[in-house]
Amino acid sequence: MLRTAMKNLRQIAITACLLVLGALPALAIDPPYQRQMERLSEIMGSLYFLQPLCGTNRTDWRAQMADLIALDQPDEDRRQRLAGAFNEGYTAYARFHRACTPAASAALSRLLDEAERTARDIHTRFAE
């Protein structure tokens, strides 16, 4: 047990030294709108699940997400995070909703409003 703890401590110390000395590659800096893009991606994933469930307008949120990623042209790390946020949004609602209940319908309405506000905010603040 003590050996394992010492080994882990040694690995942490080595990693810290490498970080301080800059031996690890530098990470890209996210654009200032990254957090909003991840939230928008999560919302779009939620809508991708909820809209067919509630039989409402059949916007293809997955295709919209692919278009959003293509327009933003993120590096691979950011692309993965955006896709992950989409999948998390989908999974979050898929866990609890099997039918279009009043709660699912209300969530759908709230998410559509939030998506519109978030997209407008990103465009207003960061579009060139």
Side-chain angles (χ1 to χ4, degrees):
M1 175 91 167
L2 184 58
R3 278 190 185 173
T4 304
M6 292 301 291
K7 183 178 178 183
N8 289 340
L9 185 58
R10 188 175 312 134
Q11 288 174 339
I12 291 170
I14 290 169
T15 302
C17 288
L18 291 174
L19 285 171
V20 170
L21 297 174
L24 296 176
L27 298 175
I29 297 174
D30 286 341
Y33 55 86
Q34 180 64 24
R35 188 176 359 197
Q36 289 103 326
M37 287 287 285
E38 287 181 27
R39 177 61 185 146
L40 183 58
S41 299
E42 182 180 0
I43 293 168
M44 291 170 77
S46 300
L47 292 171
Y48 185 64
F49 177 79
L50 287 172
Q51 271 196 337
L53 186 70
C54 289
T56 59
N57 181 6
R58 294 291 179 136
T59 301
D60 187 350
W61 292 105
R62 189 169 183 243
Q64 294 286 327
M65 184 68 213
D67 290 345
L68 181 66
I69 288 174
L71 287 170
D72 191 44
Q73 299 177 340
D75 61 25
E76 184 59 23
D77 175 60
R78 286 188 54 240
R79 190 191 72 72
Q80 289 290 331
R81 286 188 281 153
L82 293 172
F86 182 91
N87 292 336
E88 286 173 15
Y90 182 94
T91 303
Y93 282 90
R95 276 189 214 125
F96 299 107
H97 297 281
R98 299 286 182 250
C100 187
T101 62
S105 184
L108 177 61
S109 181
R110 278 193 319 271
L111 289 165
L112 285 167
D113 289 343
E114 186 180 354
E116 184 179 346
R117 280 191 318 272
T118 303
R120 192 175 330 124
D121 183 52
I122 292 169
H123 178 74
T124 302
R125 293 180 64 204
F126 302 107
E128 296 179 331

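Bear in mind the structure is a predicted one, so any value in this text is a computation, not a measurement.
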Can you name the nearest heavy-atom pair linking [X] to [Y], along with the distance?
{"X": "A115", "Y": "L47", "answer": "CB-CD1, 4.4 Å"}
{"X": "I69", "Y": "P74", "answer": "O-CD, 3.1 Å"}
{"X": "Q36", "Y": "T118", "answer": "O-CG2, 3.7 Å"}

Holding to salt bridge (charged side-chain N to carboxylate O under 4.0 Å, His left out), I want the full list of residues that pass it with D121, two or more places apart in sequence or in another chain.
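Salt bridge (charged side-chain N to carboxylate O under 4.0 Å, His left out) list for D121, sorted by chain: R125.
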Partners passing salt bridge (charged side-chain N to carboxylate O under 4.0 Å, His left out) against R95 (at least two apart in sequence or in another chain):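 Per chain and number, R95 pairs via salt bridge (charged side-chain N to carboxylate O under 4.0 Å, His left out) with no residue.
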| ring pair (Phe, Tyr, Trp, His ring centres under 6.0 Å) partners of residues 60-86, not counting sequence neighbours, each pair once |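 Sorted pair list: Y48-F86.
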Discussion item. Checking Q73 now: which residues fulfil side chain to side chain contact (heavy atoms under 4.5 Å, CB included) with it, not counting sequence neighbours?
Written reply: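 Q73 satisfies side chain to side chain contact (heavy atoms under 4.5 Å, CB included) with no residue once adjacent residues are dropped.
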Could you pull out all donor-acceptor pairs under 3.5 Å where a side-chain atom in residues 96-114 meets a protein atom, sequence neighbours excluded?
residue	atom	partner	partner atom	Å
R98	NH1	A94	O	2.3
T101	OG1	A103	N	3.4
T101	OG1	A104	N	3.1
E114	OE1	R39	NH2	2.8
E114	OE2	R39	NE	2.8
E114	OE2	R39	NH2	3.3

Rounded to the nearest 0.5 Å, what separates atom CG in N87 from atom CZ in R62?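 Reported to 0.5 Å precision, the distance equals 8.5 Å.
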Reported CG-to-CE distance for the pair L40 and M65, which is rounded to 0.5 angstrom: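 Nearest 0.5 Å value for the CG-CE distance: 7.5 Å.
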Return the set of residues passing side chain to side chain donor-acceptor pair (under 3.5 Å) with [X] (not counting sequence neighbours), or none when no residue passes.
{"X": "E116", "answer": "R120"}
{"X": "D72", "answer": "Y33, R78"}
{"X": "E38", "answer": "Q34, R81"}

Residue pair M37 / L68, side-chain heavy-atom distance below 4.5 Å: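 Yes, their side chains come closer than 4.5 Å.
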